[in-house]
Amino acid sequence: MPELPDLENFSRNLHKNFAGKKLVKLKLSKAARLNVSAVVLKKKLVSQKLIKVYREGKELRFVFSNKTIMGIHLMLRGRFYQFSGENIPKHSLAEFFFQGGQNFALTDFQRNARITIDPPETSVPDALSKVVNERFWKEQLLSKAAIKNLLLDQHIVRGIGNAYADEILWKAGISPFSIANKIPSAKIKKLSAAVKTVLNRAIKEIKKTDPDIIGGEIRSFLQIHNSSKKKDPSGNTILQKSVGGRKTYYTDEQQLFR
DNA sequence: TGGCATGTTGGCGA
DNA sequence: CTCGCCAACATGCC
């Protein structure tokens, strides 16, 4: 559920709360999805100091003092919880115990969250990376796919999810059903700017609403992808359509290019 | 109460 | 090959 702006706040807060502390104990549920064995994972991390937490796409990265990087992808339902002592939250997949007694757990009732040791390098840029600019989008939008599907494609750009794809396309004034290679140059420029402004604004809004957030999601400020709203800020009726099993919110003001 | 919401993967068919 | 769509994962929330 959480998307890039939520995850960005989680990473900053986990960094603030845990960076510099030594991991003294790690408990793993049998259900946890790992790319190495539980034994290897513990051997790599336990007794190391956590140096840094940051976000890459929809994944959080935890850097330890021996240079091991642990990636955590929350998938649909993963959540972080802080806890003290042994008050382990429900559906926990992994519990990270730190020196000083402040701990966090990764939970997921759906058991789909993933832990990856030393995640492979990728050339696919993060949505907020500098290289994701107007020229980048002009190079990428050459296919016949619907623009929304391209924004969601993590092989093109990492970090954009269902809700923010709708917000970005609304901000750019482009219909989500537009064919990518039919979008004119001036609109691609708008799209490129909208990616940054929508995501950066959301990071700030979430921080303002809950400065210490490490789990859950805040969506009340979304302009379009918001089932409690009937009209966009200009008074246009918000329309809904199911696309690929997920709901798309848009207005008729968004130009359709086909 | 029960339908909806979310990301990713892999498979199918046009 | 390209693209869209579906199922599966399993439960909390309004």
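Chain letters run A, B, ... following the sequence lines, proteins first, then strands; residues in each count from 1.
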Take A:L239 and A:Y249 through the side-chain contact (heavy atoms from CB on, under 4.5 Å) test and state the conclusion after the steps.
CA-CA 6 Å; A:L239 307 167; A:Y249 294 76; over 6 Å; no

In short, A:L28 meets A:L34 closest at the heavy-atom pair CD1-CD1, 4.3 Å

Apply the test side-chain contact (heavy atoms from CB on, under 4.5 Å) to residues A:F64 and A:I51: give CA-CA distance (whole Å), side-chain angles for both, the deciding distance (0.1 Å), then the verdict.
CA-CA 5 Å; A:F64 288 86; A:I51 303 294; 5.6 Å; no

Grab the [atom1]-[atom2] distance between [X] and [N] for me, whole Å please.
X	N	atom1	atom2	answer
A:Y249	B:dC4	OH	P	11 Å
A:D166	B:dG7	CG	P	10 Å
A:R158	B:dG7	CZ	P	16 Å
A:E167	B:dT6	CD	C1'	16 Å
A:D153	B:dG7	CG	P	13 Å
A:L7	B:dT8	CG	C1'	15 Å
A:L151	B:dG7	CG	C1'	15 Å
A:I160	B:dT8	CD1	P	12 Å

Using the side-chain heavy atoms of [X], tell me which of these nucleotides is nearest: [options].
X	options	answer
A:A145	B:dA5, C:dC3, C:dT11	C:dC3
A:K247	B:dG7, C:dT11, B:dA5	B:dA5
A:H91	C:dT11, C:dG4, B:dG7	C:dT11

Heavy-atom nearest nucleotide on DNA chain B taken for A:L152 and for A:F109; more 5' hit belongs to A:F109

Going by the salt bridge (Lys or Arg N to Asp or Glu O under 4.0 Å) test, which pairs reach into residues 8-22 of chain A, not counting sequence neighbours?
A:E8-A:R12, A:E8-A:R55, A:K16-A:D212

Salt bridge (Lys or Arg N to Asp or Glu O under 4.0 Å) pairs, two or more places apart, involving residues 221-234 of chain A:
none

Considering the options A:L60, A:L7, A:D108, which one meets the side chain to side chain contact (heavy atoms under 4.5 Å, CB included) requirement together with A:L74?
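In the set A:L60, A:L7, A:D108, the residue that makes a side chain to side chain contact (heavy atoms under 4.5 Å, CB included) with A:L74 is A:L7.
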
Decide whether A:K148 and A:N162 meet the rule of one side-chain donor and one side-chain acceptor closer than 3.5 Å.
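Looking only at side-chain atoms, A:N162 and A:K148 do form a donor-acceptor pair, the distance falling under 3.5 Å.
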
A:K90 side chain N/O closer than 4.0 Å to the phosphate oxygens (OP1, OP2) of C:dT11?
no

Suppose you measure atom C1' in B:dT6 against the same atom in C:dC14; what distance do you get, rounded to whole Å?
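Approximately 16 Å lies between the C1' atom of B:dT6 and that of C:dC14.
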
Pick the P atom in C:dA10 and in B:dT1, then give their distance to the nearest Å.
22 Å

Tell me which residues in residues 217-233 of chain A lie within less than 4.0 Å of DNA chain B, going by non-hydrogen atoms.
A:R219, A:H225

In residues 72-79 of chain A, what residues come within less than 4.0 Å of DNA chain B, judged by heavy atoms?
A:H73, A:M75, A:L76, A:R77

How is A:N112 classified with respect to the nucleic acid when contacts are heavy atoms under 4.0 Å: base, sugar-phosphate, or nothing?
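The residue A:N112 makes base contact.
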
Could you tell me whether A:A163 contacts a base, only the sugar-phosphate backbone, or nothing, with contacts defined as non-hydrogen atoms closer than 4.0 Å?
nothing

Who passes side chain to side chain contact (heavy atoms under 4.5 Å, CB included) against [X], sequence neighbours left out?
X	result
A:R219	A:E3, A:D6, A:A163, A:Y164, A:E217, A:L222
A:P233	A:W170, A:Q223
A:N17	A:Q82

For residues 37-45 of chain A, tabulate all N or O donor-acceptor pairs below 3.5 Å that involve a side-chain atom, not counting sequence neighbours.
unit_1, atom_1, unit_2, atom_2, d
A:S37, OG, A:V40, N, 3.1

Are the charged groups of A:E205 and A:K207 less than 4.0 angstrom apart, N to O?
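A:K207 and A:E205: not salt-bridged.
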
Note, A:V195 side chain near A:W137 side chain (heavy atom, < 4.5 Å)
yes

When you measure from the side chain of A:S29 to the backbone of A:L93, do you find a donor-acceptor pair of N or O atoms at a distance under 3.5 Å?
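Absent.
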
Parallel under 30°, tilted from 30 to 60°, perpendicular over 60°: which one fits the rings of A:Y250 and A:F177?
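Aromatic pair A:Y250/A:F177 classed perpendicular.
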
List the atom pairs, with distances to 0.1 Å, where a side-chain N or O of residues 152-161 of chain A and a protein N or O form a donor-acceptor pair under 3.5 Å, not counting sequence neighbours.
unit_1, atom_1, unit_2, atom_2, d
A:D153, OD1, A:H155, N, 2.9
A:Q154, OE1, A:G159, N, 2.9
A:Q154, NE2, A:L152, O, 3.0
A:Q154, NE2, A:I160, O, 3.0
A:R158, NE, A:V124, O, 2.8
A:R158, NH1, A:E56, OE1, 3.2
A:R158, NH2, A:E56, OE1, 2.7
A:R158, NH2, A:V124, O, 2.9

Sorted by number, the residues of residues 136-144 of chain A with heavy-atom contact under 4.0 Å to DNA chain C
A:S143, A:K144

Can you give the dot-bracket line for DNA chain B, where a pair is Watson-Crick or G-U wobble with both atom distances under 3.5 Å, crossing pairs use [ ], and | marks a partner on another strand?
.||||.||||||||

Using a 4.0 Å heavy-atom cut-off to protein, can you give one letter per nucleotide of nucleotides 9-14 of chain B, 5' to 3': B if the base is in contact, S if only the sugar-phosphate is, - if neither?
------

Counting the benzene-type ring for Trp, do A:F104 and A:F97 have ring centres under 6.0 Å apart?
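No: the rings miss the under 6.0 Å criterion.
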
